[in-house]
Structure formats: C-alpha cells, structure tokens
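Both counts, for ligands and for their atoms, begin at 1 and track the order of listing.
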Amino acid sequence: MIDKKEATTDLKSGKSSKSTADYAKYFQAPSLKDAKKRGKEDITVHYDFTIPEEMKQIGKGLHYLIRTYGCQMNEHDTETMAGIFEAMGYTATEDTMEADVILFNTCAIREGAEDKVFGELGHMKHLKRNNPNLILGLCGCMSQEEKVVNKVLRSYSEVDMIFGTHNIHRLPVLLRDAMFSKEMVIEVWSKEGDIIENMPKTRTGDIKAWVNIMYGCDKFCTYCIVPYTRGKERSRRPEDVVAEVRELARQGFKEIMVLGQNVNAYGKDFEDRKYGLGDLLDELRKIDIPRIRFTTSHPRDFDDHLIEVLAKGGNLVEQIHLPAQSGSSEVLKKMARKYTREHYMELVRKIKAAIPDVSLSTDIIVGFPGETEEQFQETLSLMKEVEYDSAYTFIYSPREGTPAASMVDNVPEEVKKDRLQRLMAVQNEISLRKNQEMVGKTYELLIEGESRKNPEVLAGRTRTGKLVHVKADKSLIGTLVHVTITEAKTFTTYGELVTKVEV
Ligand code: 5AD
Ligand code: SF4
C-alpha cells in the first residue's frame with residue numbers, strides 16, 4: 001500500500017522523480033518486462049474460492065457499479081466481479097450517485113481506449129464530495145501497465161484501489177483494505193496466477209452466456225499488449241468447461257460463446273493429455289443447447305481436426321472469426337503472425353469447402369509501421385478474395401513495451417485514416433451484397449430482445465451471426481423462430497416471422 005498524498009506530492013513537485021520501483025516495497029506494482037517472461041511453472045486449478053467471513057455481509061444496503069471497456073473477456077470478468085460483489089451483499093446500480101463502489105474494468109488494446117478511461121475517471125472526482133465513503137477502483141488490462149499506475153499515482157488521487165487481471169479473486173480482501181485505510185491499495189501481479197474455478201458469476205441476461213476456456217496468450221504479435229496484460233496461456237480442464245456448459249443448458253441458456261484470447265491454442269499446456277479445441281467442441285456438441293460459438297481464432301493454430309468437428313454442425317454454428325490483420329505476407333512477418341497470406345487463404349479455402357454456408361469475419365490493422373500503399377492494396381484484395389461477412393478495422397496504435405512500438409511509425413496519420421476509410425468502403429459493399437443475397441430466404445433466428453432503436457420491433461441473430469429485425473410478439477424473446485428476409489442493409493436485415501422452431 002502507498003500513501004496517496006505522499007505519492008502525489010512527491011511526483012507532482014518533481015523534487016524526486018520516484019519511479020514505480022521505488023514504491024515497490026509498499027505495494028505490488030506491475031512490470032511489462034516481467035509479464036513477458038514465460039516460465040515452466042505448473043498452473044494449479046483451485047476449487048476453494050471463498051469470501052472472507054468479515055466481508056460476507058459488508059455490502060448490505062450498499063451498491064456497486066462496474067464500467068466495462070474492451071473485449072468480451074472483460075465483459076465476462078465483469079460478470080465474475082459482479083458475482084463477488086453480490087456474494088458480499090452488494091446490489092448493482094447504474095447510477096453513479098447511488099454507487100458506493102465504482103470499478104473501471106479497462107482495456108489497453110489501443111491508446112484511444114485508454115484515453116476514454118482517463119477522461120471518465122476525471123469525471124468521478126466530484127462524486128467523492130457527495131459520498132466520501134465512495135471507493136473508486138481501476139482494474140482490467142490498463143492496470144497491468146506501469147505507466148498507467150504511475151499516471152494514476154501522479155494525477156488521480158481520487159482512486160482508492162488498483163488491481164490487475166490476475167488479482168480478481170482477491171477483490172474482497174483488496175476492497176476491505178481500501179475501505180479501512182486512507183492509502184491507495186495497489187495489487188497487480190505481473191505474472192499470471194493459478195486458475196480459480198469456483199468464483200461466483202452474475203451473468204448479464206439469460207439467453208446467451210460467455211464461457212471462458214482459457215486465459216492469456218503466448219503469440220506475442222508485435223503490436224499487441226495482450227500477452228503482457230493477460231499472461232501466459234492457461235487452459236481450463238475440459239471437465240470443468242463441460243460441467244459449466246451443461247449447467248447453463250440446464251438453466252435454459254440458448255447460446256454459448258466460448259472465449260479465449262487465442263482459442264486455437266486450447267489444451268497445448270496440458271501435460272497429461274493431448275486435447276485441443278476440436279476435441280472440446282466435439283464434446284460440447286453433445287450438450288443439449290441450441291448454439292455454440294467461439295472466439296478468437298488464430299489462423300496459425302487452426303487445425304484440420306477442428307474443421308472436421310465444425311463441419312458436423314449441430315449446435316456448432318457456421319460462423320468463424322478469423323483475424324487476418326493484413327493481406328501482405330511482408331507485413332504479417334513484421335507483425336510476427338507466423339503465417340503468410342497464402343497459408344491464410346489455404347485455410348479459408350479448406351473452411352469454405354468443409355462448411356459451405358460459413359460466415360467469416362476478421363480483424364484488420366491499417367498503418368502498421370512501414371506499411372506501403374502496395375501492401376495495403378494486398379489487404380484490400382484479401383478482403384475481396386475472402387468476402388468476409390463483416391470486419392473489425394483498426395488504425396495501428398503503438399503500445400509501449402511491445403516490439404512494434406520501437407519500429408518507426410512512419411505512416412502519416414492522414415494516410416492511416418484514408419486507408420481505414422477505403423478498407424471500410426470495400427467491406428461495406430461486400431457486407432451489403434451478402435445481406436442482399438439473404439433476401440427471400442428463410443433462416444433460423446434466436447430472438448435476443450427488443451431492437452435498440454425501436455422497441456416495437458424485435459432483434460435476433462441467425463446461426464451465422466447476422467442481425468435480423470422482425471415484428472413479433474415479445475413473448476418470443478429467448479426463443480428460436482424462422483424468418484424470411486425481406487430487406488437488407490449494410491449492417492442489418494429485416495424479416496417476417498414464419499414459424500416457431502421447436503427446440
Ligand atoms: N493497434 C491497433 N489494433 C490493435 N489490435 C491489437 N493491438 C492493436 C494495436 N496496437 C487489434 C487486432 C486484434 C483486435 C482485438 O485489436 O486487430 O485482433
Ligand atoms: Fe494479441 Fe496476437 Fe495474442 Fe491476438 S494472438 S491476443 S493479436 S498477441
């Protein structure tokens with residue numbers, strides 16, 4: 001722990017430029033350098049998570065609020081933290097004025113994501129005047145970066161606690177420390193911890209559920225901070241995953257999203273068995289739940305066995321998110337993606353041959369250091385060749401501590417923006433054409449709720465993940481129906497109800 005006041009005065013006055021290392025004796029600070037190390041230590045799976053006795057009732061009459069940024073992994077971590085809060089007696093709120101604890105579950109993937117958090121954190125200061133007992137906390141990927149912790153120490157003295165992605169199970173203890181001391185509580189383990197199986201979860205919604213199958217990433221793509229913020233690859237035991245999915249099926253969930261930063265590496269860390277994502281999905285297929293999706297795939301580890309299993313269909317839907325990042329083999333090499341354009345296209349051909357109705361989506365980064373116009377053109381041609389159903393497109397954002405951050409970032413901002421626009425224009429045209437091809441055809445739709453824009457209309461997704469709007473009775477929310485598509489736009493389609501599918 002560190003005295004917030006002391007830290008802020010020291011660092012603000014500039015008299016002594018104390019680094020995080022100077023404070024390390026007071027608290028557990030993050031280090032991206034340590035996070036990079038990959039050791040041989042065994043990962044133990046724990047089934048004995050408990051809330052300390054004195055914290056079990058601490059939240060009675062109090063409210064918590066978690067602001068979540070970034071990927072589905074963060075959304076799912078938020079569900080775990082919500083579960084822990086509720087096990088301590090807290091009630092959820094959306095109102096910052098009512099909240100007694102506010103957590104920012106942050107994302108570090110691009111600079112923009114971080115700026116957003118700092119902006120909103122600044123808005124929280126006034127809340128402390130209304131409620132001096134308010135606990136303000138920062139967690140998630142940003143808290144794994146020493147530069148972020150230093151910035152918070154310097155300029156955000158209203159923050160009471162910072163904890164890392166490997167410290168979520170420590171939330172009750174850290175909260176207690178933050179409540180009963182005037183000091184900022186900081187606990188960020190740079191190296192991954194063990195797998196904690198039995199933490200409580202409060203899931204958002206009762207139709208779709210996230211199920212984590214592994215943690216971390218060992219790929220170290222040169223632009224990416226995730227292997228540093230999420231630690232080494234650790235897979236959950238298949239029997240634990242299967243038990244969780246069975247329980248969700250029993251509870252009536254209709255769709256599972258299997259989650260991991262690099263799900264194709266699932267099982268590589270098992271020493272006692274040879275077992276991969278294909279094997280796991282083959283087991284999940286047998287569970288009586290209508291739909292199973294997974295994300296995110298890395299093309300390098302996408303093996304033939306997995307394709308074979310996916311081709312069996314059933315509850316394994318025809319949708320694969322397969323980030324390409326670039327269409328240029330030279331850029332891919334600099335990104336350390338460990339595949340070429342040819343290898344990627346071969347994989348796409350195999351997938352399309354095995355699963356004819358497959359819908360593919362991708363992530364693309366433009367403006368990577370040194371990317372030439374010709375190399376960018378190769379990305380455009382890849383998009384046209386694959387014909388993705390949708391694409392998430394990003395401007396390269398240097399992340400301190402990653403290898404790409406020390407490459408010369410020589411693509412002018414204007415050029416990056418222009419490439420992004422051109423990329424999006426190509427993809428939008430393909431998306432619209434593919435949606436138009438759906439018109440007149442009938443699809444199975446899982447109705448997920450009211451349309452965000454018009455509560456008179458319901459919204460759902462096909463097996464391939466297409467958004468469909470349909471006029472139907474609200475009692476159909478959470479059920480599978482058949483719709484015939486009547487109209488298509490770039491990002492959505494409209495349909496008419498045919499029949500209800502019995503499941
Ligand atoms: N800059 C821009 N985009 C990035 N991504 C990851 N790191 C960066 C970065 N430094 C993108 C990749 C990844 C997606 C989740 O975010 O495309 O697949
Ligand atoms: Fe980042 Fe690459 Fe790992 Fe994906 S596979 S999380 S892009 S390092």
How close do [X] and [Y] get, counting heavy atoms only, and between which atoms?
X: Gln144; Y: Val188; value: OE1-CG1, 3.3 Å
X: Cys141; Y: Thr165; value: N-CG2, 3.9 Å
X: Tyr344; Y: Ala324; value: CZ-CB, 3.6 Å

Can you name the atoms of ligand 1, numbered from 1 with element, that are less than 4.0 Å from a heavy atom of [X]?
X: Tyr396; answer: 1 (N), 2 (C)
X: Arg399; answer: 10 (N)
X: Ile365; answer: 3 (N), 4 (C), 5 (N), 12 (C), 17 (O)
X: Phe394; answer: 3 (N), 11 (C), 14 (C), 16 (O), 17 (O)

What protein heavy atom sits nearest [atom], and how far off is it?
atom: atom 7 (S) of ligand 2; result: Tyr223 OH, 3.3 Å
atom: atom 4 (Fe) of ligand 2; result: Gln261 O, 4.2 Å
atom: atom 6 (C) of ligand 1; result: Ile109 CG1, 3.4 Å
atom: atom 3 (N) of ligand 1; result: Arg110 NH1, 3.2 Å
atom: atom 10 (N) of ligand 1; result: Ser397 O, 2.7 Å

- Query: Is it true that the side chains of Thr229 and Arg399 contain a donor and an acceptor less than 3.5 Å apart?
  - Reply: no

- Message: Would you say Ser328 and Ser326 are linked by a side-chain donor-acceptor pair, where the criterion is simply a distance under 3.5 Å?
- Response: no

Residue portion contacting ligand 2 (non-hydrogen atoms closer than 4.0 Å) for [X]:
X: Cys221; result: both
X: Pro227; result: side chain
X: Val226; result: side chain
X: Phe220; result: backbone

- Message: Can you classify the ring geometry of Tyr223 versus Phe368 as parallel (below 30°), tilted (30 to 60°) or perpendicular (above 60°)?
- Response: perpendicular

- Task: For Lys219, counting its heavy atoms only, list the atoms of ligand 2 lying under 4.0 Å from any of them.
- Result: 3 (Fe), 5 (S)

- Item | Per-atom contacts, ligand 2 versus His298 - under 4.0 Å to a heavy atom | 5 (S)

Checking [X] against [Y]: charged group under 6.0 Å from the ring centre and within 45 degrees of the axis?
X: Arg237; Y: Phe270; answer: yes
X: Lys466; Y: Tyr443; answer: no
X: Arg170; Y: Phe163; answer: no

- Among Asp363, Thr296, Ile225, Thr222, closest by any non-hydrogen atom to atom 14 (C) of ligand 1: Asp363

- Closest to atom 1 (Fe) of ligand 2 among Cys217, Ala265, Gly260, Cys224 (heavy-atom distance): Cys224

- Task: Going by the side-chain contact (heavy atoms from CB on, under 4.5 Å) test, name the single residue among Leu65, Leu171, Thr202 that passes it with Phe85.
- Result: Leu171

- Message: Just to check, does Arg230 reach to within less than 4.0 Å of ligand 2 when the distance is taken from its heavy atoms?
- Response: no

- Note on the structure: Between the CD1 atom in Ile196 and the CZ atom in Arg236, the distance rounded to the nearest 0.5 Å is 12.0 Å

- Query: If you round to the nearest 0.5 Å, how far is CD of Glu233 from CG of Asp218?
  - Reply: 4.0 Å

- Output field: ring centroids His166/Tyr215 closer than 6.0 Å: no

- Is it the side chain, the backbone, both or neither of Ile395 that has a heavy atom closer than 4.0 Å to ligand 1? backbone

- Message: Quick check: Tyr223 and ligand 1, any N/O pair under 3.5 Å apart?
- Response: yes

- Query: Do Gln325 and ligand 1 have an N or O pair less than 3.5 Å apart?
  - Reply: yes

